[in-house]
Amino acid sequence: MSGDAGSHRDNHARAFTVWAPAADRVRIQVDGVVHDMTPTAGGWWRSDATGTDYAFLLDDDARPLPDPRSLRQPNGVHEASRVYDHSAFAWTDQAWTGRQLPGGVVYELHVGTFTEAGTFDAVADRLGHLVDLGVTHVELLPVNSFDGTAGWGYDGVLWGAAHEPYGGPDGLKRLVDACHARGLAVLLDVVYNHLGPSGAYLDRFGPYFAGRTDWGAGLNLDGPGSDEVRRYVIDNALGWLRDFHFDGLRLDAVHALVDNRAVHLLEDLSAEVDALSAALNRPLTLIAESDQNDPKLVTTRDAGGYGLHAQWSDDLHHALHVRLTGETTGYYTDFAEPGALAKTLREAFFHAGTWSSFRSRGHGRPLDRRVAPGHRFLAYVQDHDQIGNRATGDRLSATVSPGLLACGAAVVFCSPFTPMLFMGEEWAAETPWQFFASFPDPELAEAVRTGRRREFARHGWGETDVPDPMDPATVARSRLDWTEPGKPGHREILGLYRTLIRLRREHPDLTDPRLDRVVVETAADDAWLVLHRGGLRLACNFGAKPVEVPVAGEVLASWGNPAVGEGATALPAESFVLVATRCGAAAAS
């Protein structure tokens, strides 16, 4: 539909449009009145009508369908769309000039469980915590419309409509506006690789789908009719950035985008986002989640890459997770190899054209450390996937000691990469973050429930051990407890996170993205690690016994009462120290 419609009822006719290239007849129902639509070029249909709530009727189908480009779904994804006027919102961020990702710290949160209320406005009420923490970018898990009230957001089906139970489009704009007023950039997680299992009517309108991914129907990005499908994706991305004032997008699982064209969708998207960035005169960031370990994604277009600005680094997460927890099953197996953490700190990828036992094949491509800046890779010790896709949604704080939590945070924030943390991690939250959904269809709900239990039964979990994803209590358990940050045990971890983030601002050595300057020393058994960042040294003891490491200098941060001497430091078990060496200037030169 054209974007010139108001969100209130009025007597002005407006143009409604829809792409339905295979239909012989298209009608539109506006406020209960049915109007014929006229075919125009390229498979588009148009009708001028008066009203606010509308849906489309295709050929002889009597079921009205919501607009694939809907901007608002007040009554859910199966019901009529509602027109929405972007120009009616009163923005106050005219002075906002944006934030670049290099040097930043990203905070990932889920709107529905970040607060008890689970709304955009409730998130805005907690922004003071994020500002005090020192993060620069707030990343929202998907907020577009999905079936039901509660869910992770990755089963979205109407990509342009903000989830109504969260507060709808106006609520989302209020949140973005409030973030900008506090100096926080806002990123949005978007899912273009599949649609959810309920409410996905795109295939009724045209050839949107082609094949399947692990999560559902995939998009037709390179077959007949795919020009408009690609335009659908790109227009949606530009709409979030332009009309909702987002500062960037996190692109979910881009390895599942099947596109055999000479110019990949991601390259097309990055070019158009760069053009929009120039027009808006503020930085716009694209961050990919990819399982391919291919530096091409974050290589500039003039150098033959796709031109995305960053990608997640699961390899670093896996190596760090193994070091902290000792878990070596599934895809963690390869990361038990000695030196895995050191390698990923230097090279971002552990698998770089090397054998992956989990995949039973070679995987990845080497990264040129001389030219690829570290800020193009996001580093994290936890994220929504790595917590929520565990059987019980348990965080690291339920598994490892405070000392090891501190060591993990120190590695992430002292790494050459862009740090990211998952909500509540900064105070070692005890609340889990479990998988949940709320599909109204009982058959679909039971299929999801059963599938989840069968998946983990293969890994030795009993059915009663796996939380019921459809139980509202699962959502309730996953909400943050905002009384925790001030309690003993949590307060100290929060103070450490604030210190580490502050040190990244104060010491350019910590934000230096030059990977070819990163030096890592480790014990033969990986029990300890020393990370060189210019004139700074981070020494971590992951082991259960005290060790002495050849590190000395002015202490900037520590955990576990290390004893720093003239030429060495005694590190107790599960502790770390970050020091500025006395010859720091010489070391950095």
Side-chain angles (χ1 to χ4, degrees), residues 1 17-24 26 39 41-45 56 58-59 61 63 65-70 77-78 142 144-147 152-161 189-240 249-273 286 288-292 294 296-297 306-308 311 359 439 444 447-448 451:
M1 198 204 81
T17 61
V18 68
W19 185 61
D24 294 321
V26 180
W44 285 84
W45 298 74
F56 296 104
L58 303 177
D59 293 324
D61 192 345
R63 169 72 185 272
L65 301 176
D67 184 0
R69 292 179 175 242
S70 171
V77 298
H78 301 289
N144 59 290
S145 294
F146 57 85
D147 197 14
W152 279 18
Y154 294 89
D155 285 323
V157 291
L158 288 168
W159 289 346
D189 195 338
V190 291
V191 184
Y192 295 136
N193 56 72
H194 77 284
L195 286 94
S198 180
Y201 299 113
L202 287 184
D203 59 330
R204 309 273 189 93
F205 288 88
Y208 280 95
F209 296 161
R212 296 189 63 81
T213 72
D214 291 341
W215 310 285
L219 285 195
N220 167 29
L221 299 176
D222 55 9
S226 59
D227 283 356
E228 283 294 349
V229 179
R230 292 165 74 96
R231 194 67 250 166
Y232 178 67
V233 173
I234 292 173
D235 285 349
N236 178 261
L238 297 180
W240 291 123
L249 303 174
R250 181 263 190 185
L251 309 171
D252 181 68
V254 298
H255 52 271
L257 297 171
V258 179
D259 183 3
N260 293 308
R261 292 199 189 196
V263 180
H264 194 280
L265 171 71
L266 295 177
E267 184 179 350
D268 263 347
L269 177 61
S270 74
E272 296 222 22
V273 168
L286 293 176
E289 180 200 20
S290 173
D291 187 47
Q292 294 175 321
D294 189 351
K296 184 176 184 178
L297 270 70
Y306 291 164
L308 305 180
Q311 68 179 86
R359 300 174 178 86
F439 296 118
L444 177 57
V448 173

How long is the span from the CG atom in Leu257 to the OG atom in Ser290, to the nearest 0.5 Å? 9.5 Å

Looking only at heavy atoms, the pair that brings Leu249 and Ala237 closest together is CD1-CB, 3.5 Å

Could you list the residues that satisfy side-chain hydrogen bond (donor to acceptor under 3.5 Å, both in side chains) with Ser270, not counting sequence neighbours? Arg301

Between Val18 and Pro68, the two heavy atoms sitting closest are CG2-CD, 4.1 Å

Looking at every heavy atom in both Gly206 and Pro21, which two are closest together, and how far apart are they? CA-CD, 4.1 Å

Mark yes or no for whether His255, through its side chain, and Gln292, through its backbone, hold a donor-acceptor pair below 3.5 Å. no

With sequence neighbours excluded, tell me which residues meet side-chain hydrogen bond (donor to acceptor under 3.5 Å, both in side chains) with Asp24. none

Distance check, rounded to the nearest 0.5 Å: Leu251 atom CG versus Tyr192 atom OH? 7.5 Å

For Tyr306, what residues pass the ring-ring contact (aromatic ring centres under 6.0 Å, His included) criterion, not counting sequence neighbours? His264

Taking side-chain hydrogen bond (donor to acceptor under 3.5 Å, both in side chains) as the definition, give me every residue that meets it alongside Asp252, ordered by chain and number, with sequence neighbours left out. Asn193, Arg250

Tyr232: partners by ring-ring contact (aromatic ring centres under 6.0 Å, His included), with sequence neighbours left out: Trp159, Tyr208

Minimum-distance pair of heavy atoms, taken over all atoms of Pro197 and Asp155: CD-OD1, 3.6 Å

Pairwise salt bridge (Lys or Arg N to Asp or Glu O under 4.0 Å) hits with a residue in residues 196-211, at least two apart: Asp61-Arg204

Under the rule for ring-ring contact (aromatic ring centres under 6.0 Å, His included), what residues qualify as partners of Trp45, not counting sequence neighbours? none

Ignoring hydrogens, what is the shortest heavy-atom contact between Pro207 and Val229? Give both atom names and the distance. O-CG2, 3.5 Å

Who are the ring-ring contact (aromatic ring centres under 6.0 Å, His included) partners of Tyr154, not counting sequence neighbours? His384

For Glu272, all residues meeting side-chain contact (heavy atoms from CB on, under 4.5 Å), sequence neighbours excluded: Arg231, Ile234, Leu238

If you measure from OG1 on Thr17 to CG on Asp67, what distance do you get to the nearest 0.5 Å? 7.5 Å

For Ala161, does its backbone N or O pair with a side-chain atom of Ser145 as donor and acceptor, under 3.5 Å? yes

Please enumerate all residues that pass side-chain hydrogen bond (donor to acceptor under 3.5 Å, both in side chains) together with Asp147, with sequence neighbours excluded. His78, Ser198

Could you pull out all residues at least two apart from Ala288 that satisfy side-chain contact (heavy atoms from CB on, under 4.5 Å)? Val254, Leu297, Leu308, Gln311

Tell me every residue that passes side-chain contact (heavy atoms from CB on, under 4.5 Å) with Ser226, counting only those two or more places apart in sequence or in another chain. Asn220, Arg261

When rounded to the nearest 0.5 Å, the distance separating CG of Leu219 from NE2 of His194 is 10.0 Å

What distance separates Leu195 CG from Tyr201 OH, expressed to the nearest 0.5 Å? 12.5 Å

Do you know the tightest heavy-atom contact between Val263 and Arg230? O-NH2, 2.9 Å

